[in-house]
Visitor: 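Structure in structure tokens, see below.
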Amino acid sequence: MEKKILMAVHIMAGIMLIVFGTNKFFGFIELQHHTFGMSAFLAALSHSGYLMELVAIVEILAGIAFLLNKYVALMAVILMPVMLNAFLAHLFLDPSAMAGASVLLLFNVLIMIESRARYKQLLRP
């Protein structure tokens, strides 16, 4: 039963990441209007030269890794700052739109817990 749940988490996370990542390039999902704070934050990122395309590439690569069950532990670690930033940005600036970020953060944490044996080598003193 647990393996089926984890497989479902991998599949759902992979699909969501690929969809949200490709949406950053093509804009096929019309996102709801942001609050003033979130709009200002996104404008500041855009004007600073922050590469949202790089975030999109990380999301797409992580999604593919989760679907193929390859390099999952590595991609979960690389993805964590992206998901944590998305969650916190929505939490403080646009709470009404935080469902997707919350679910993906939860999925990423579950995947990291599943992969914890692979992190033991890194965390040894």
Side-chain angles (χ1 to χ4, degrees):
M1 178 74 167
E2 184 178 319
K3 286 189 179 212
K4 289 182 181 181
I5 292 171
L6 290 172
M7 185 175 67
V9 166
H10 279 237
I11 291 169
M12 290 186 296
I15 291 170
M16 288 176 71
L17 287 165
I18 290 170
V19 168
F20 288 140
T22 54
N23 188 58
K24 285 179 179 62
F25 287 114
F26 303 113
F28 52 85
I29 299 174
E30 191 172 322
L31 301 174
Q32 61 184 341
H33 295 282
H34 297 294
T35 62
F36 176 75
M38 183 62 92
S39 294
F41 176 67
L42 292 173
L45 287 177
S46 175
H47 293 302
S48 72
Y50 187 81
L51 297 174
M52 286 303 286
E53 293 83 9
L54 182 60
V55 172
I57 290 168
V58 168
E59 289 176 350
I60 293 167
L61 290 176
I64 292 168
F66 291 169
L67 288 175
L68 297 177
N69 202 26
K70 299 285 185 192
Y71 305 107
V72 172
L74 173 64
M75 292 310 294
V77 169
I78 293 170
L79 185 65
M80 181 53 85
V82 173
M83 289 299 99
L84 188 58
N85 185 45
F87 173 77
L88 292 173
H90 283 291
L91 177 67
F92 291 111
L93 300 172
D94 196 6
S96 64
M98 67 184 288
S102 300
V103 169
L104 279 170
L105 180 64
L106 174 66
F107 286 167
N108 199 43
V109 168
L110 291 174
I111 290 169
M112 288 182 79
I113 290 170
E114 172 198 13
S115 304
R116 68 186 174 275
R118 295 178 182 230
Y119 303 131
K120 284 184 180 181
Q121 190 79 334
L122 295 172
L123 300 174
R124 231 186 325 173

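Positions are given from 1, in the same order as the sequence printed here.
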Visitor: Is Phe26 reachable from Ile15 through a run of hydrophobic residues whose side-chain heavy atoms are each under 4.5 Å from the next?
Guide: yes

Visitor: Below 4.5 Å, heavy atoms only, C-beta onward: do Glu2 and Ile5 meet side chain to side chain?
Guide: no

Visitor: The test is side chain to side chain contact (heavy atoms under 4.5 Å, CB included); show your working for Glu59 and Thr22 and say whether it passes.
Guide: CA-CA 9 Å; Glu59 289 176 350; Thr22 54; over 6 Å; no

Visitor: Which pair of heavy atoms, one from Met75 and one from Ala62, lies closest together, and at what distance?
Guide: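 For Met75 and Ala62, the tightest heavy-atom pair comes out as CE-N, 3.4 Å.
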
Visitor: Do side-chain atoms of Ser46 reach the backbone of Leu42 as a donor and acceptor pair under 3.5 angstrom?
Guide: no

Visitor: Through direct or indirect side-chain contacts below 4.5 angstrom among Ile, Leu, Val, Met, Phe, Trp and Tyr, which residues connect to Leu54?
Guide: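 Leu51, listed by chain and number.
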
Visitor: Determine whether a donor-acceptor pair (N or O, by modelled atom type, separation under 3.5 Å) exists between the side chain of Asp94 and the backbone of Met38.
Guide: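 Not at all, since once roles are kept as given, no pair shorter than 3.5 Å links the two residues.
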
Visitor: How far apart are the closest heavy atoms of His90 and Ala97, and which atoms are they?
Guide: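 Between these two residues, the closest heavy atoms are ND1-O, 3.5 Å.
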
Visitor: Under the side chain to side chain contact (heavy atoms under 4.5 Å, CB included) rule, what do Val19 and Phe28 come out as? Steps first, then yes or no, please.
Guide: CA-CA 9 Å; Val19 168; Phe28 52 85; 4.1 Å; yes

Visitor: Would you name the heavy atoms of Leu67 and Gly14 that are closest together and state the gap between them?
Guide: CG-CA, 3.9 Å

Visitor: Do Phe87 and Leu106 make a side-chain contact, defined as non-hydrogen atoms from C-beta onward lying under 4.5 Å apart?
Guide: no

Visitor: Working to the nearest 0.5 angstrom, can you tell me the gap between Leu123 CG and Arg116 CZ?
Guide: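 Reported to 0.5 Å precision, the distance equals 12.5 Å.
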
Visitor: After noting the C-alpha distance and the side-chain angles of Ile111 and Leu79, does the key distance pass the side chain to side chain contact (heavy atoms under 4.5 Å, CB included) rule?
Guide: CA-CA 11 Å; Ile111 290 169; Leu79 185 65; over 6 Å; no

Visitor: Side chain to side chain contact (heavy atoms under 4.5 Å, CB included) between Leu17 and Met83: does it pass, once the steps are laid out?
Guide: CA-CA 10 Å; Leu17 287 165; Met83 289 299 99; 4.2 Å; yes

Visitor: Please say yes or no: joined through hydrophobic side-chain contacts below 4.5 Å, possibly via intermediate residues, are Phe25 and Ile29 part of one cluster?
Guide: yes

Visitor: Rounded to the nearest 0.5 Å, what separation is found between the CG atom of Asn108 and the CD1 atom of Ile113?
Guide: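 Answer rounded to 0.5 Å: 10.5 Å.
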
Visitor: CZ of Arg118 to CE of Met112: how many Å apart, nearest 0.5 Å?
Guide: 13.0 Å

Visitor: Hey, could you give me the CG/CE distance between Leu93 and Met98, rounded to the nearest 0.5 Å?
Guide: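 Leu93 atom CG to Met98 atom CE measures 11.0 Å (nearest 0.5 Å).
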
Visitor: Could you state the interatomic distance from CG (Leu104) to CE (Met12), rounded to the nearest 0.5 Å?
Guide: 10.0 Å

Visitor: Shortest non-hydrogen contact from Ala73 to Ser115?
Guide: CB-CB, 3.7 Å

Visitor: Find the distance between CG (Leu105) and CG (Asn85) and round it off to the nearest 0.5 Å.
Guide: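 So the gap between those two atoms works out to 11.0 Å.
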
Visitor: Would you say OH of Tyr71 has more than 12 non-hydrogen atoms from neighbouring residues, nucleotides or ligands within 6.0 angstrom?
Guide: no

Visitor: Just wondering, do Met16 and Phe107 contact through their side chains at under 4.5 Å, heavy atoms?
Guide: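 Side-chain contact under 4.5 Å: yes.
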
